[in-house]
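Residue numbering restarts at 1 for every chain, and letters A, B, ... go by the order of the sequence lines.
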Number of protein chains: 2
Amino acid sequence: MVRLTTVMREEHDEEEYLASYDPRAFPPVAVTVDVVALTIRDGGLHVLLVRRGVPPFQGWWALPGGFVKAGVTVDEDLQHAALRELTEETGESPNRFHLEQLATYGAPDRDPRMRIISVAHLAFAPELPEPRSGGDAAEAAWIPVDSLGLDDGEQLPGAAKRLAFDHAQIISDGVERARSKLEYTPLATAFTGDQFTISELRAVYETVWGERLHTGNFHRKVLSVPGFVESTGEMTESGGPRGGPKARIYRAGDARLLHPALLRPTTEDEVR
Amino acid sequence: MVRLTTVMREEHDEEEYLASYDPRAFPPVAVTVDVVALTIRDGGLHVLLVRRGVPPFQGWWALPGGFVKAGVTVDEDLQHAALRELTEETGESPNRFHLEQLATYGAPDRDPRMRIISVAHLAFAPELPEPRSGGDAAEAAWIPVDSLGLDDGEQLPGAAKRLAFDHAQIISDGVERARSKLEYTPLATAFTGDQFTISELRAVYETVWGERLHTGNFHRKVLSVPGFVESTGEMTESGGPRGGPKARIYRAGDARLLHPALLRPTTEDEVR
DNA sequence: GGAATAGTGTCTGTAAGACATTATTAG
DNA sequence: CTAATAATGTCTTACAGACACTATTCC
């Protein structure tokens, strides 16, 4: 045990010595920041993807992302880098959206070129205009998550789009994180506009969770959680598109956590 | 918006072109893996720390960690790198422990030498022997978390040990993650031996959460959650050190999530 | 014996889910 | 008018927390 510790210490001394005098002496590892940006369009969950114009995976769809900039001119935080990727691709920065770190992916063979470690981020955004792409190969678009044929990170053969690198896994992890976050945070409001009705909020839950919810119980539950939503005092101009009375309009409250939480109906008797 | 997208695409093409032909052309970013290893000793939560023998932060305490190895000879996964750091410092690999990714820290100024991005991991281990340190400057030890004077990631002036880099923040995040994980996973058993009594399991919760729990309700609750623990059919040889009857002995069950969850008593009416 | 503990029983308040009901709007 | 929906009411079941109690063991 002592021996191992000593070996390790010498190893570190060596590396740190090199580090302080010659940064280029490091093993070639690059760091990228990728963003899983989720939004709801046409009643379905969509993810922002870009089509790769160069190898590797040329022509395949991939998450927006880029290398972390380091140096004397630019030296940005990881969160800032993710924000930059997001606003570049969406074209405009939504005034209300959520951005958090998801996880870091660093399997040695995840990029055929070299060792690339990706710090993935997760974003929730309200509906944004389609990112108009130029006429050439590279393009960006909101893609329905359902069309990707994700199954526990593995992309199934019948998928409409082929995903580059391990991005199927990253998207799968991001969606699962989103589903979980809706349970104990008020972040569902990040998918809606600044003002929303309880029905619109319920539609967010139903879309992300992929399940129908009981309208009455959901309504009462949302209003009973302190700080989730607060009434604007206003009502919608008209009723719903298929009938029904005018609805009260709410905005997001000041709670950062939902207590008690809104648990998913089918927790499927926990994973064994 | 189209303009921005085009700019970004060209930028990526450029970087990817360089990447495929000259990895050394990248901005100098290094990647380390740090481990927040938690265990319970003498009724208190402890974290594994090493004392730095070289600048920067020479003589300060830091998390065990090291640079990610990349290259033709060694090319390890992030999880594998974290496992290596953990076993090197603890001297022996516990047969039952938990290791997960915590978060990635990449503030530009977190290391004075260069841009270093740290992928932090979190480990739960049963009580292990003290890592015997050599006689010189560098040493490793289990340090009580309470003695670090952590307060929301900031280390308070009166702390017994000074922590290098942003490791106070990382430990703080790790402890909070641990507290949360005990709520909805059966990972409290990773802190105990292979066999344990309900009282020992309760002691884990009380130590990590820093709160006394109701013995009777905890007992009934643990047994009511499917798959949390299963009885070995055995009893302890003797009663508790301060009296009481012999206790039944349990082992970890096959559940991966607790349903329903064991929520902390003082959820403090959610953070606003 | 006295104190502490394992394990169980009981009661109450809260919350989730199922179901019902009323009022209001679109078509 | 008919269908759909917003919002509220009611009932049942589950569970968390408080409290009580018994049996067992250490000192």
Side-chain angles (χ1 to χ4, degrees), chain A residues 43 182-184 192 195-206 209 211-226 228-250 257-270, chain B residues 43 182-184 195-206 209 211-226 228-250 258-270:
Chain A
L182 291 205
E183 292 190 313
Y184 59 96
T192 69
Q195 318 236 52
F196 50 86
T197 65
I198 301 295
S199 290
E200 288 168 347
L201 189 63
R202 177 168 47 80
V204 171
Y205 275 89
E206 290 181 334
W209 284 351
E211 304 189 62
R212 299 287 293 178
L213 298 177
H214 189 288
T215 61
N217 289 339
F218 180 86
H219 196 107
R220 181 165 13 84
K221 171 76 185 177
V222 166
L223 296 184
S224 74
V225 176
F228 191 1
V229 299
E230 60 186 30
S231 175
T232 63
E234 315 244 306
M235 305 282 288
T236 53
E237 295 287 327
S238 60
R242 284 175 293 186
K246 292 168 180 168
R248 277 197 267 272
I249 298 179
Y250 296 85
L257 292 174
L258 301 184
H259 187 73
L262 273 108
L263 299 179
R264 274 174 280 187
T266 53
T267 317
E268 313 242 344
D269 289 56
E270 80 263 37
Chain B
L182 292 206
E183 292 191 314
Y184 59 95
Q195 318 237 44
F196 50 86
T197 66
I198 301 295
S199 289
E200 289 168 347
L201 189 63
R202 178 167 46 81
V204 170
Y205 276 90
E206 290 181 335
W209 285 352
E211 304 189 62
R212 301 286 294 178
L213 298 177
H214 190 287
T215 62
N217 289 339
F218 180 86
H219 196 108
R220 181 164 12 83
K221 172 76 183 175
V222 166
L223 296 185
S224 75
V225 176
F228 192 178
V229 298
E230 61 185 28
S231 174
T232 63
E234 315 243 304
M235 304 282 288
T236 53
E237 295 286 327
S238 60
R242 285 174 294 186
K246 293 168 180 170
R248 276 197 268 271
I249 298 179
Y250 297 85
L258 301 184
H259 187 73
L262 273 109
L263 299 179
R264 274 174 280 188
T266 53
T267 317
E268 313 242 345
D269 290 54
E270 79 263 38

>> Reading DNA chain C from 5' onward, which residue's closest nucleotide shows up sooner: B:Arg212 or A:Ala261?
In response: B:Arg212
> Roughly, in whole Å, what's the span from NE2 in A:His219 to P in D:dG9?
Replying inline: 11 Å
> Relative to the 5' end of DNA chain D, which residue comes earlier, B:Pro260 or B:Gly216, by the nucleotide with the nearest heavy atom?
Replying inline: B:Pro260
> Roughly, in whole Å, what's the span from CG in A:Leu201 to C1' in D:dT5?
Replying inline: 16 Å
>> Just the rounded figure in Å: distance from P of C:dA15 to CG of A:Leu262.
In response: 12 Å
> Is any side-chain heavy atom of A:Val229 closer than 4.5 Å to a side-chain heavy atom of A:Phe196?
Replying inline: yes
>> Side chains of A:Ile198 and A:Phe218, heavy atoms from C-beta outward: is any pair under 4.5 Å?
In response: yes
> Between atom CG in A:Leu213 and atom C1' in C:dG17, what is the gap in whole Å?
Replying inline: 12 Å
> OP1 or OP2 of D:dA18 sitting under 4.0 Å from any side-chain N/O of B:Arg220?
Replying inline: no
Just the atom pairs and distances: protein N or O near nucleotides 22-24 of chain D's N or O, under 3.5 Å.
residue, atom, partner, partner atom, Å
D:dT24, O2, B:Pro245, N, 3.3

>> In this structure, how many angstroms lie between the C1' atom of C:dT5 and the CZ atom of B:Phe218, rounded?
In response: 15 Å
> Where the side chain of B:Arg248 is concerned, which of C:dT8, C:dC19, D:dC19 is the nearest nucleotide?
Replying inline: C:dT8
> Of the nucleotides C:dA26, D:dG17, C:dG17, which one has an atom closest to the side chain of A:Asn217?
Replying inline: C:dG17
> Between C:dA26 and A:Arg242, is there an OP1 or OP2 to side-chain N/O distance shorter than 4.0 Å?
Replying inline: no
> Looking at side-chain heavy atoms only, is the closest gap between B:His259 and B:Pro226 below 4.5 Å?
Replying inline: no
>> Need one value for B:Thr197: base, sugar-phosphate or nothing, where a base atom within 4.0 Å counts as base even if backbone is also close, heavy atoms only.
In response: nothing
> Of all the nucleotides listed (C:dC19, C:dA26, C:dG7), which has the minimum atom distance to the side chain of A:His214?
Replying inline: C:dC19
>> Near DNA chain C, counting only heavy atoms under 4.0 Å, which residues of residues 228-236 of chain B show up?
In response: none
> Any ion pair linking B:Arg264 and B:Glu183 (charged N to carboxylate O, less than 4.0 Å)?
Replying inline: yes
> Roughly, in whole Å, what's the span from CG in B:Leu263 to P in D:dA14?
Replying inline: 19 Å
>> Looking at A:Leu201, is its backbone amide N or carbonyl O close enough to the side chain of A:Thr192 to form a donor-acceptor pair, meaning the two atoms are under 3.5 Å apart?
In response: no
> Short question: side chain of A:Thr197, backbone of A:Glu200 - any donor-acceptor pair under 3.5 Å?
Replying inline: yes
>> Assess the residue pair B:Leu263 and B:Tyr184 against the criterion (side chain to side chain contact (heavy atoms under 4.5 Å, CB included)); give the C-alpha distance rounded to whole Å, side-chain angles, the decisive distance to 0.1 Å, and a yes or no.
In response: CA-CA 8 Å; B:Leu263 299 179; B:Tyr184 59 95; over 6 Å; no
> Checking A:Tyr250 side chain against A:Thr232 main chain: does a donor-acceptor pair fall under 3.5 Å?
Replying inline: no
> Between B:Arg202 and C:dG7, does any side-chain N or O lie under 4.0 Å from OP1 or OP2?
Replying inline: no
> What is the distance from CG of B:Leu258 to C1' of D:dC15, rounded to the nearest Å?
Replying inline: 15 Å
> Residues two or more places apart in sequence or in another chain: which of them pass side chain to side chain contact (heavy atoms under 4.5 Å, CB included) with B:Thr215?
Replying inline: B:Arg202
>> At 4.0 Å (heavy atoms only), tell me whether A:Thr215 reaches a base, stays on the sugar-phosphate, or touches nothing.
In response: nothing
>> Would you say that A:Ile249 contacts A:Ser231 through its side chain, given a criterion of any heavy-atom pair below 4.5 Å between the two side chains?
In response: no
